[in-house]
Protein chains: 2
Amino acid sequence: MVQLVKRLTAEDWERAALDAIASGGLAAVAVEPLARRLGVTKGSFYAHFRDRNELVDATLRRWEEIHVNAFVASMQTTDEPLKRLQALMAMATNAARRGTIQGRLLLESDDPRVRAALKRVTELRLERLEAIFAQLGHSNGAAAHRATAAYAIYIGLLQLAREVPERLVDERALIDELLRVLGQVHA
Amino acid sequence: MVQLVKRLTAEDWERAALDAIASGGLAAVAVEPLARRLGVTKGSFYAHFRDRNELVDATLRRWEEIHVNAFVASMQTTDEPLKRLQALMAMATNAARRGTIQGRLLLESDDPRVRAALKRVTELRLERLEAIFAQLGHSNGAAAHRATAAYAIYIGLLQLAREVPERLVDERALIDELLRVLGQVHA
DNA sequence: ACCTGAACACCGTTCAAGT
DNA sequence: ACCTGAACACCGTTCAAGT
């Protein structure tokens with residue numbers, strides 16, 4: 001017989017929470033509204049999670065998995081270091097425009113749970129960037145500096161694309177120039 | 001006669017709200033907790049403001065005034081362009097560490113009211129930065145790019161100082177190198 | 001195991017009534 | 001003008017009871 005009364009799983013709640021973050025940030029991960037959206041009463045939520053905090057944790061872990069995988073994949077499309085940097089920078093402004101979960105989470109990073117998830121993602125990216133700059137001929141110390149600089153630019157562009165989008169119309173030229181400057185073997 | 005029953009003004013509420021933002025972000029601007037802190041009942045709040053939103057607006061306007069003034073003052077301590085850049089970058093990491101209101105607001109910039117206040121502050125800073133790069137001998141277009149780049153780095157460092165503070169132990173060397181690179185007359 | 005429905009605490013907002 | 005105290009709506013959490 002077909003089961004007309006659909007029963008939910010923890011994963012259903014996490015998926016709904018991810019949607020909520022994308023459109024309304026962490027604050028939108030609210031038990032009662034999610035319950036309404038899922039067609040159940042809020043009481044049933046506590047059959048899956050101890051409290052709202054546990055849902056937030058589980059949802060962030062889910063995002064982290066998805067996100068790290070996507071990043072690694074996009075890096076593997078080319079071996080040329082400069083093209084890899086270009087792809088990374090392009091991701092920044094696109095992410096801001098599309099209003100992705102990552103963009104949201106950056107803005108929620110005063111939350112220790114969010115910061116922990118972002119930190120792991122950031123460290124992975126910094127390692128990759130360092131490798132790229134080493135490939136470009138930089139010494140160890142210089143590669144670390146350039147990697148940090150490049151990632152700071154990435155984060156900053158994400159922010160500026162929201163704040164002053166007009167400034168970034170010339171974005172491609174801006175990024176090209178930055179990469180030329182950062183890519184130079186210097187001392 | 002001494003007035004033992006202190007009556008509050010709108011400004012008292014705004015000051016308390018600024019303190020709340022510094023320690024707990026926008027979410028901490030909550031009528032009932034503020035009322036408790038001020039020693040009145042929450043009902044009296046509505047004698048000063050129409051609603052919580054109006055308090056947030058007034059508080060952000062107050063911050064903007066204070067903040068723009070501080071920035072302009074710090075820029076006027078020296079005429080040397082490179083030293084001005086250095087001062088700006090040092091502000092970024094210090095701001096993150098001290099947990100200033102600005103650091104908080106950057107993280108709340110998905111709120112349209114916050115974005116409007118930040119946008120005005122950002123535009124003023126970008127203008128100043130452009131002037132500095134022009135002074136360093138860059139053409140108009142290049143100066144605009146470098147200004148945007150420098151400000152992106154500023155914002156990015158603010159974020160990274162929270163996320164991966166260990167990476168910024170070598171901060172002075174990092175900033176110096178960045179400024180050397182960005183300051184170069186190039187093409 | 002998952003769900004409902006009622007309960008209570010907390011904060012935003014309103015309002016009648018006090019000074 | 002500013003304040004109190006009670007009321008109501010909304011969301012987090014608990015719990016007894018249902019399937």
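Proteins get letters first, then strands, A, B, ... in listed order; numbering begins at 1 in each. The structure displayed is predicted, hence computed values, not measured ones. The basis for the numbers below is simple: all heavy atoms, side chains too, and nothing from hydrogens, waters or symmetry mates.
- Regarding E54(A), its CD atom lies at a distance of 11 Å from the P atom of dT13(D), rounded to whole Å.
- Two rings, from F45(A) and W13(A), have their centers less than 6.0 Å apart.
- Between the C1' atom of dC2(D) and the CD atom of E11(B) lies a distance of 16 Å, rounded to the nearest Å.
- At least one donor-acceptor pair under 3.5 Å links the side chain of D12(B) to the backbone N or O of T9(B).
- Regarding K42(A), its NZ atom lies at a distance of 10 Å from the C1' atom of dC8(C), rounded to whole Å.
- Sparse packing is recorded around CG of N140(B), with 12 or fewer heavy atoms of other residues, nucleotides or ligands lying under 6.0 Å away.
- For the pair F49(A) CZ and dC2(C) P, the interatomic distance rounds to 10 Å; values are reported in whole Å.
- Side-chain atoms of R167(B) and Y151(A) include no donor-acceptor pair closer than 3.5 Å.
- Protein atom CG of L55(A) is 10 Å distant from nucleotide atom P of dT13(D), rounded to whole Å.
- Rounded to whole Å, the distance from CZ on F45(B) to P on dT4(D) is 14 Å.
- Judged by distance alone, the side chain of D51(B) and the main-chain N or O of E54(B) form a donor-acceptor pair under 3.5 Å.
- Between the T122(A) side chain and the L118(A) main chain, a donor and an acceptor come within less than 3.5 Å of each other.
- Consecutive pairing runs in DNA chain D reach the stem threshold at C:4-8 with D:12-16, C:12-16 with D:4-8, where a stem means at least three Watson-Crick or G-U wobble pairs with distances under 3.5 Å.
- Of the residues in residues 24-40 of chain B, V40(B) come within less than 4.0 Å of DNA chain D through at least one heavy atom, sorted by number.
- Remark: H48(A) is not in phosphate contact with dA1(C), judged by side-chain N or O atoms under 4.0 Å from OP1 or OP2.
- Both D51(A) and G43(B) lie near DNA chain D, and the one whose nearest nucleotide falls closer to the 5' end is G43(B).
- What separates CZ of R7(B) from C1' of dG18(C) is a distance of 11 Å, to the nearest Å.
- Nearest approach of L160(B) to T148(A), heavy atoms of both residues: CD1-O, 3.9 Å.
- Classification of R120(A) and E64(A) as a salt-bridged pair holds, one side-chain N sitting under 4.0 Å from a carboxylate O.
- For the pair R52(A) (side chain) and V29(A) (backbone), a donor-acceptor distance under 3.5 Å is present.
- Neither OP1 nor OP2 of dT14(C) sits under 4.0 Å from any side-chain N or O of Y46(B).
- When the P atom of dC10(C) is taken as reference, atom CZ of R52(B) falls 18 Å away, rounded to whole Å.
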